[in-house]
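The structure appears below as structure tokens.
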Amino acid sequence: MTKAFAGVRALKGVDLDIRPGEVHCILGQNGAGKSTLIKTLAGVHRPDEGEIVWQGETVTIADPQAAIDLGIATMYQELDVVDGLTIAENVFLGHELASGGFTRRSEAAKLTKELLKRLGHGSLSPNTEVGRLSAANKQIVSMARALSHDIKLIVMDEPSAVLDSEEVKNLFSVVRELTRAGIAVVYITHRLEEIREIGDRITVLKDGRSTAVGLEVADTPTAELIRLMTGREVANVFPPAEPVADDAPVVLDVEGLALEGVFSGVTFSVRAGEIVGLAGLVGSGRSEILETVYGARKSTAGSVAVGGKRLGRGSVSAAVTAGVGLSPEERKSQGLVLDEPIFVNVTLSTFGRFAKGGFLDTRAERSAAREQIEALELRPPDPDRPAVTLSGGNQQKILLARWLVHGTKVLLLDEPTRGVDVGARAEIYALIRRLAAAGNAIVIVSSEIEEVLGLADTVLVVADGKVLTTVPAAQIDEHGVLDLVMKGAAA
Amino acid sequence: GDDESVVDQGTSSDENAASGDTVTIGFSGPAADHGWLGAINSGAQAAADSFADVDLKVAEGTNDASAQIAAVETFINDGVDAIVLLPTDGAALTEVAIKAMEAGIPVINVDREFSSPFAARATILGDNYGMGVSAGHYICEQVGDNPDAVVAEIAGIDSLPLTQDRSQGFADALADCDLEVSARVAADFTVAGGEAAASQLLSANPQIDALWNHDDDQGVGVLAAIESAGRDEFIMMGGAGSKNAMDIIKADDSVLKATVIYPSTQAADGVALARLIAQGKTMSDLITPSVPNRIVLDAPVVTKDNVDQFYDLAFES
Amino acid sequence: MSEQTTPGGAVAAPTPPPTPTEPTPAKESGIRRLLSGSVGRNLGLVVALLLIVAVGAITSPDNFATWSNTLVILRQASIVGVISIGMTFVIISGGIDLSVGSVMGLASVVATIDVAQDLASATHWTVMVLFALLVGVAAGLINGIVIAYGNVVAFMATLAMLVSARGLAEIVAERRTLIVGDRGFVGFFREDFLGVDVLIWIFILVAAAGWILLNRTTFGRRTVAIGGNREASRLAGINVKRHTVWLYVLAGLCAGIAGVMILGRTTAGTSTHGQLLELDAIAAVVVGGTLLIGGRGTIVGTVLGVLIFQTLTNVFVQNNLDSSVQAVAKGVIIVVAVLLQQRFAKPAGRSS
Amino acid sequence: MSEQTTPGGAVAAPTPPPTPTEPTPAKESGIRRLLSGSVGRNLGLVVALLLIVAVGAITSPDNFATWSNTLVILRQASIVGVISIGMTFVIISGGIDLSVGSVMGLASVVATIDVAQDLASATHWTVMVLFALLVGVAAGLINGIVIAYGNVVAFMATLAMLVSARGLAEIVAERRTLIVGDRGFVGFFREDFLGVDVLIWIFILVAAAGWILLNRTTFGRRTVAIGGNREASRLAGINVKRHTVWLYVLAGLCAGIAGVMILGRTTAGTSTHGQLLELDAIAAVVVGGTLLIGGRGTIVGTVLGVLIFQTLTNVFVQNNLDSSVQAVAKGVIIVVAVLLQQRFAKPAGRSS
Ligand SMILES: Nc1ncnc2c1ncn2[C@@H]1O[C@H](COP(=O)(O)OP(=O)(O)OP(=O)(O)O)[C@@H](O)[C@H]1O
Ligand SMILES: Nc1ncnc2c1ncn2[C@@H]1O[C@H](COP(=O)(O)OP(=O)(O)OP(=O)(O)O)[C@@H](O)[C@H]1O
Ligand SMILES: [Mg+2]
Ligand SMILES: [Mg+2]
């Protein structure tokens, strides 16, 4: 099975060949063209040049259906499930089990159940509406859909981005099972350690070109991969933590906070310069805790105080005025006004400050935005570029820039590196550190426990809407966190 | 001169019939979303076609006063010789009519009256209040001897002043024989609206003695509702005078026994008057040598006894 | 299909995770789920409808709660009801069809032009029905193609159709009201079956067919999918454009059926049939809980929405309420109904 | 502020990357950007308008291309134009206001009731203006509160207001047409300034104010942000609910101004003023390139949209076209205009 392919635009000449039964990883920085490449395979885009050879024959994949017919199934980076349908309906969407147009629902439910079991999620009911699922479980549905086809090749675009380590393990065992059956897997990720675990060969993309094709995982050191991707050396380590001064004042004080049906009794405080990390499994309610602290959800009990002053319940404006900033979990749907230029997104919380008598001062806004663009090395450094055209990592930087312009005391960061490439990741880590050093109180949520442990001074382990422990980061490791979580969830 | 006979003043009918200078007449009316208004439009057009010397410009029918004003303004700009105007709302079109008059263009006001006497050279009206009175009198004649008679009314578009006039006339005439309207619904001059309003009205009133429906066009729907409800204990009277209604009256096999004419020939009259005025002619049968300022048309009751006499006046609904 | 990928021996985790990752709030979830699903959504509507019925029964004790008055309401509901069923599909898919009222008017006119009536009297009155349905389908086809392949936003495309179809109907009818001559046709619609009018049966059949189509067929599931996530549907291999065309054809077909029904009801075709009916239909669909942005909606909700509005009008007339006061009250009641429906549908999920 | 966060020592790479990661298509971008911006979008509209003007000038050479006919078009455009400016804001924010036509009718009625007219004759005619504007603002306030705080979808909330305001206007006016008695009022609107009517000046002023408000103020920025991404705006600290209320107040205010203008134009207040005007306004806004889903739109586009429709009507009248044929033609032209506008606006970014 060979594919050779060369296109233009986002892709300027990419070669890729995939063998049956292998896990072929595609690496590249944000915006390198990985998603575009796999969308070409899936029939979403058509290559302008080049050809695709499938099992010895040159094929044109005109539309998604054609790809599916060939035996290529794709799990897309943007969650591609339909909220209003049930799990079973999503799994069989587009190839419904039907006789004469009438759906065979019980059969679909049965097969879905089997697929879910195989994916380690037998407890999910096939008749649950997908809109009610967490992002992680939606990813499972997406996977189940891919498996419901008769496939020879399955493409996974950053499937682990929304999964926690337990789920990732699960995913890997499914992948191994597939490869054993001779099915090829194309796997895209920004987490290099995952490649070590399951990858067979690697293709590296940079700026729409393949810089390396079919490297054997075993023969390629990580540093080499990073160099191929970024063209430079990145020390992918967390910057050294500076100890928080003992006399640093408490900036954020959360007392017995609760949101009915999601979490309760959340108490913690963050001092100036301290980074507190929330660790836990997906769906444990960490995002909700952040959003409730921020006032984006109305707490049902407890209080939040900033610098000693209590914030009004359920009021984002009160939080923002008090100097709290949130970088939300879903960049695109919660963070950015995608069609607007970068500078508008950067000053979205502060444009009123630049305005005189209600009239905007876009020049001042632009120059403030440009300052941050330079400080954060945002690319391209053009404040008038629509946010939609930026890569994930750069979009993430816009959100940070927003609060840098605002000047916060408390920063709440929900998955700040989700989908962000290694290079940008290191920059963001460094930036978070610098912000803490500048006296910000920071709360960070990440599905990568390693990230939480590497950045935070203090770790809160969360399971099932409850804070299990609060420990200094130095006193716990990944294993310890997982143990706690498992026990907590079992309890 | 002295020796001229009084009856010879003005133009004679022969002179009137003869072709004169070609005159351009602008006509603007409400949207022809209804049989009667459709008949008004085609009447105006037919009248214009019957004169070799009339060039009729018809503006888009509209129920938006402002759009109609724009249409009249366009006529003024184009320098038409006369304007025949059936305003969607008399008062609202008064300003622009005055403007036309001031620009030297005679305006013939049809059906819905302006609020200023300076706005029109001539006014030709149906008699809405009179229609209500005629209907009321007829119903008094038929059921007046029963003091408990249930009289129902299905009005047209309630927000139009003409509907208010009709209902007022109807109420006043009924009061003469000590009756009153005990159930009233408003439709919208459409067949479907008439059907909907009537079926609701019939359901709410299990016993009716007489029913006046303002408009024969919506009457098609009203009759459908009556038939489908299987009701025949009352007499019904229509309004406007459509061909369909007259056929039914003539056949005398349904509850519809009469209708009150509201002439759909008003705009045609308007066009004829506009031509006379623009050409400096007069109404030949009148002695006074100028076209009258105000003509109010009759609102006669049509029953099976006199239906043949009015049949030609009926409009195709 | 994927029979070889059976959940056989190789199954993933040797130790499956001990508990589901979802913290299922064990207790209330049963009732909650019920309430927040389509049942709960519709519960609010049922309450609203019962309230209106109660007001009717109290204010007009003799005439309101009778079988014949119920039939009046249902008969009245049937035409806008049929239109609303088609509209439900379009709105669930994230579209809108403003042209249904005009198309219904056009269908009624075309079915009663001389040619059609002559043909009908020469053969059978169903020819008129055929004419009406064809008009509906044709209009829907044009709408669908302009929207799906011309990429014209549905609001504008169907607004254009609204204007054009009305104009065309006037031209075809020469602004006259065309009376149905065929007694067979008129007779058929006057009949009843088991004490219920043919018109009402048509509504029941269309609603039932709509329910099955929406909930039990691939067509329905794909409609929901397109409305919920157009891009995902496309990626799943659904031909979104073609499906969109079929949706508007369906709405047009319903408008055609409604055209036949209004002919049966009024025995006359005119270009004025169906004026502003699109607003009534959209209002019924939205009050019935279908999201205007698409992706979610029920036929039962739509039927309830239609009934609420018609019952309301009936209560007004029973009480001989002035039409202006009716209008004011109607506006207030629409808002209250939507609020009520939300209250019952609320428990689920995050508010925006 | 964060001046201390300079890109100091800690950053990863000592050598910055040689090229930007984004593949910037260097060449065409200049023209492309221009075309894809609001200029390009409006270019399509200008072309459409010029086409219509050309048709008018050719088919009616004597009367069409005259100053006085231009004034006729502009005068007619002014009222729906003012309404459309308010509508543009609402639609850019992702909402819709169906009530503007009725509110305008209600405003015209309230401004001409006896109380208002007596007060006006006792003091000054601007009292009537005040009444009309207050009605508009009050209606907008109710709309806004019901939508923002009651979470009622804008379509339904404003549909309810449409129905209610019309009913209320009928009740207040007692179904009469209320004639403006004050000669000062009538005289003011009869005047012109530099050969252009007061009405047209009002439109120009409102459009200019709207342009500044949308493009140069924080209010406009918030509007665009909310329409582009409501949730992101909320999480950025914008008070979305309060702003939504203001948006509907703005639309109501514009309807109030239009109410005054229709009074000036017709010298009479009636509940029938403004019927179906909401559809004209929405059509103008959408043809003007504002997205119905919000987030994007221009005042210039809206003004062009309004002019296109009014010029079209004028050309029809000039050519003595049958009104039914006009309707059919209008529908076709709407679709063509939207397609044309898309063609010119297309080069930009992603289509959905
Ligand atoms: N629909 C589109 N319109 C315009 N540009 C696009 C579009 N889709 C992708 N691009 C551009 O193409 C380039 C490649 O994007 P792609 O999504 O393939 O990157 P990626 O490697 O998947 O990045 P990430 O790691 O962030 O997912 C980027 O510069 C992106 O901005
Ligand atoms: N819209 C929703 N409707 C119902 N339940 C929801 C919704 N959103 C989240 N939940 C539930 O709330 C809980 C917390 O979810 P959430 O995914 O935010 O947690 P998290 O710890 O932040 O995980 P993640 O890593 O995915 O961000 C889960 O049980 C989830 O199913
Ligand atoms: Mg990608
Ligand atoms: Mg989360």
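What you see below is based on every heavy atom in this structure, not just the backbone, and it leaves out hydrogens, waters and symmetry mates. Each chain gets a letter, A, B and so on, in the order its sequence line appears, and its residues count up from 1.
- Between chain C and the residues D/Val335, D/Ile171, D/Ile334, the largest count of heavy-atom pairs under 4.5 Å involves D/Ile171.
- Note that the CZ atom of D/Arg166 and the NZ atom of C/Lys330 stand 13.5 Å from one another [nearest 0.5 Å].
- The residue among C/Ala160, C/Ala169, C/Ser164, C/Ser324 with the most heavy atom pairs within less than 4.5 Å of chain D is C/Ser324.
- Not counting sequence neighbours, the partners of C/Thr302 by the side chain to side chain donor-acceptor pair (under 3.5 Å) test are C/Thr88.
- There is no contact between C/Met161 and chain D, counting heavy-atom distances below 4.5 Å.
- Nearest heavy-atom pair across C/Leu168 and D/Val328 is N-CG2, 3.4 Å.
- To the nearest 0.5 angstrom, D/Ile91 atom CD1 is 7.5 Å from C/Phe155 atom CZ.
- Residue contact with chain D, scored on non-hydrogen atoms closer than 4.5 Å, involves the side chain of C/Leu292 exclusively.
- Of all the listed residues (C/Leu98, C/Ile333, C/Val332, C/Ile282), the one sharing the greatest number of non-hydrogen pairs under 4.5 Å with chain D is C/Ile282.
- Interface with chain C: from residues 269-279 of chain D, residues D/Leu276, D/Leu279 qualify, criterion being any non-hydrogen pair under 4.5 Å.
- No other option in C/Val163, C/Val325, C/Val153 has as many heavy-atom pairs under 4.5 Å with chain D as C/Val163.
- The nearest pair of heavy atoms linking C/Ala327 to D/Gly167 is CB-CA, 3.7 Å.
- The parts of D/Val152 that come within reach of chain C are both its backbone and its side chain, each placing non-hydrogen atoms under 4.5 angstrom from that chain.
- Residue C/Val146 touches chain D through its side chain alone, counting heavy-atom pairs closer than 4.5 Å.
- Residues C/Ala283 and D/Leu159 share a closest heavy-atom pair of CB-CD2, 3.6 Å.
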